[in-house]
There are 2 protein chains.
Amino acid sequence: MGASKTVHFTNKQNQIAEIAKAVGHPARVAILEYLAKVNACVCGDIVNELPLAQPTVSQHLKALKQAGLIKGSIDGNAVCYCIDEKGIEQLQTYFSKLSLMITEQKNTCC
Amino acid sequence: MGASKTVHFTNKQNQIAEIAKAVGHPARVAILEYLAKVNACVCGDIVNELPLAQPTVSQHLKALKQAGLIKGSIDGNAVCYCIDEKGIEQLQTYFSKLSLMITEQKNTCC
DNA sequence: TTATAATATTGCAATATTACGATAAATATT
DNA sequence: AATATTTATCGTAATATTGCAATATTATAA
């Protein structure tokens with residue numbers, strides 16, 4: 001088939017997968033890092049920061065936005081982007097829970 | 001093209017993207033959750049836990065293993081799987097750093 | 001109004017992923 | 001040895017992603 005069978009999984013599982021998937025590309029990781037580094041809203045210069053064509057960057061920004069990892073606001077004919085902490089927090093909380101569940105583990109077989 | 005241009009990004013960026021990508025599918029999220037829940041090495045019954053065919057599950061397990069998120073060890077004619085905490089830790093550390101970088105932020109534009 | 005600039009969308013080619021039936025490989029059981 | 005059980009791999013079809021040129025859109029500037 002090729003299509004992932006999201007129907008069979010919980011909303012939470014699909015949600016986490018969706019956010020993680022958005023992080024699952026080096027260009028989008030680079031965008032997140034850049035936005036975190038400049039520590040501010042950034043208008044316009046994200047395209048110049050990446051070794052990719054403008055439409056490609058625009059696509060990646062869209063993906064990050066849809067996943068709730070970045071926010072964008074229009075400023076004249078430019079668009080300002082910054083990190084949406086909620087998305088990062090969701091992943092952090094999720095992995096913390098997962099981590100907690102396994103810390104007491106004393107598995108010797110693996 | 002379709003191929004992601006990993007060459008242009010740092011090793012760290014590619015590494016994080018690779019791990020996140022592995023989490024980027026609900027079936028693999030479900031596998032991680034199951035392994036965390038049972039809190040032990042699990043032999044064999046992962047296939048029964050998922051609404052997917054055995055070869056598909058095997059493929060997902062391989063993806064998680066390659067990303068360093070789970071470990072597997074042979075036990076007779078079965079294989080035992082459990083979470084590899086290193087993978088989870090890497091993501092946690094990374095997002096914590098990212099989170100730290102942006103907590104002082106007082107952006108009002110987004 | 002007519003450029004100019006910044007970003008988004010469309011269309012398309014190349015590649016990757018997902019899913020599964022069929023089959024292989026390896027060990028366990030009879 | 002023959003059979004059953006468990007997991008992995010192969011082959012393949014359906015779908016998704018990635019990347020970019022061309023173009024559209026929107027707002028500013030001249």
Side-chain angles (χ1 to χ4, degrees), chain A residues 1-9 13-14 17-31 34-35 41-67 70-82 109-110, chain B residues 1-9 13-14 17-31 34-35 41-67 70-82 109-110:
Chain A
M1 312 271 165
S4 60
K5 297 177 134 191
T6 55
V7 193
H8 300 304
F9 303 98
Q13 285 166 344
N14 281 309
E18 213 179 304
I19 306 176
K21 195 176 184 180
V23 185
H25 191 287
R28 293 193 288 264
V29 170
I31 290 173
Y34 177 64
L35 289 177
C41 289
V42 163
C43 296
D45 56 347
I46 296 180
V47 172
N48 306 322
E49 284 293 318
L50 294 176
L52 295 168
Q54 178 267 322
T56 308
V57 175
S58 188
Q59 238 176 1
H60 284 308
L61 288 168
K62 192 181 176 183
L64 286 169
K65 206 169 164 187
Q66 280 180 339
I70 65 172
K71 286 181 286 185
S73 63
I74 297 166
D75 175 34
N77 62 343
V79 177
C80 290
Y81 283 106
C82 64
C109 89
C110 291
Chain B
M1 312 270 167
S4 58
K5 298 178 134 189
T6 54
V7 193
H8 300 304
F9 302 98
Q13 285 167 346
N14 281 311
E18 211 179 305
I19 306 175
K21 195 177 184 176
V23 186
H25 191 287
R28 295 193 288 264
V29 171
I31 291 173
Y34 178 65
L35 289 176
C41 288
V42 162
C43 296
D45 56 347
I46 296 180
V47 173
N48 307 321
E49 284 293 318
L50 292 176
L52 295 167
Q54 179 268 323
T56 308
V57 175
S58 188
Q59 236 175 5
H60 284 307
L61 288 168
K62 192 180 176 185
L64 286 169
K65 205 170 164 186
Q66 281 180 340
I70 66 172
K71 287 182 287 187
S73 62
I74 296 166
D75 174 34
N77 65 343
V79 177
C80 289
Y81 284 107
C82 65
C109 89
C110 291

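Naming convention: chains lettered A, B, ... in sequence-line order (proteins, then strands); numbering from 1 in each chain. The structure displayed is predicted, hence computed values, not measured ones.
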Rounding to an integer number of Å, can you tell me how far [X] [atom1] sits from [N] [atom2]?
X: A:Gln66; N: D:dA16; atom1: CD; atom2: P; result: 14 Å
X: A:Asn14; N: C:dT18; atom1: CG; atom2: P; result: 13 Å
X: B:Leu50; N: C:dA19; atom1: CG; atom2: P; result: 10 Å
X: B:Leu52; N: D:dA14; atom1: CG; atom2: P; result: 19 Å

Could you pull out all residues at least two apart from B:Glu18 that satisfy side chain to side chain donor-acceptor pair (under 3.5 Å)?
none
Got a sec, which residues hit side chain to side chain contact (heavy atoms under 4.5 Å, CB included) with [X], two or more places apart in sequence or on another chain?
X: A:Thr56; answer: A:Leu52, A:Ala53, A:His60
X: B:Gln59; answer: none
X: B:Glu49; answer: B:Tyr34
X: A:Asn77; answer: none

At under 4.0 Å between heavy atoms, which parts of nucleotides 5-10 of chain D does protein reach? Answer with one letter per nucleotide, 5' to 3': B base, S sugar-phosphate only, - none.
BSBBB-
So, does B:His60 get its side chain near the phosphate of C:dT17, meaning an N or O under 4.0 Å from OP1 or OP2?
no
Checking contacts here: which listed nucleotide (D:dT18, C:dT18, C:dA16) is nearest the side-chain heavy atoms of A:Arg28?
D:dT18
Can you tell if the side chain of B:Tyr81 reaches within under 4.5 Å of the side chain of B:Ile46, non-hydrogen atoms only?
yes
Earlier contact from the 5' end, DNA chain D, for A:Lys21 and A:Ile74
A:Lys21
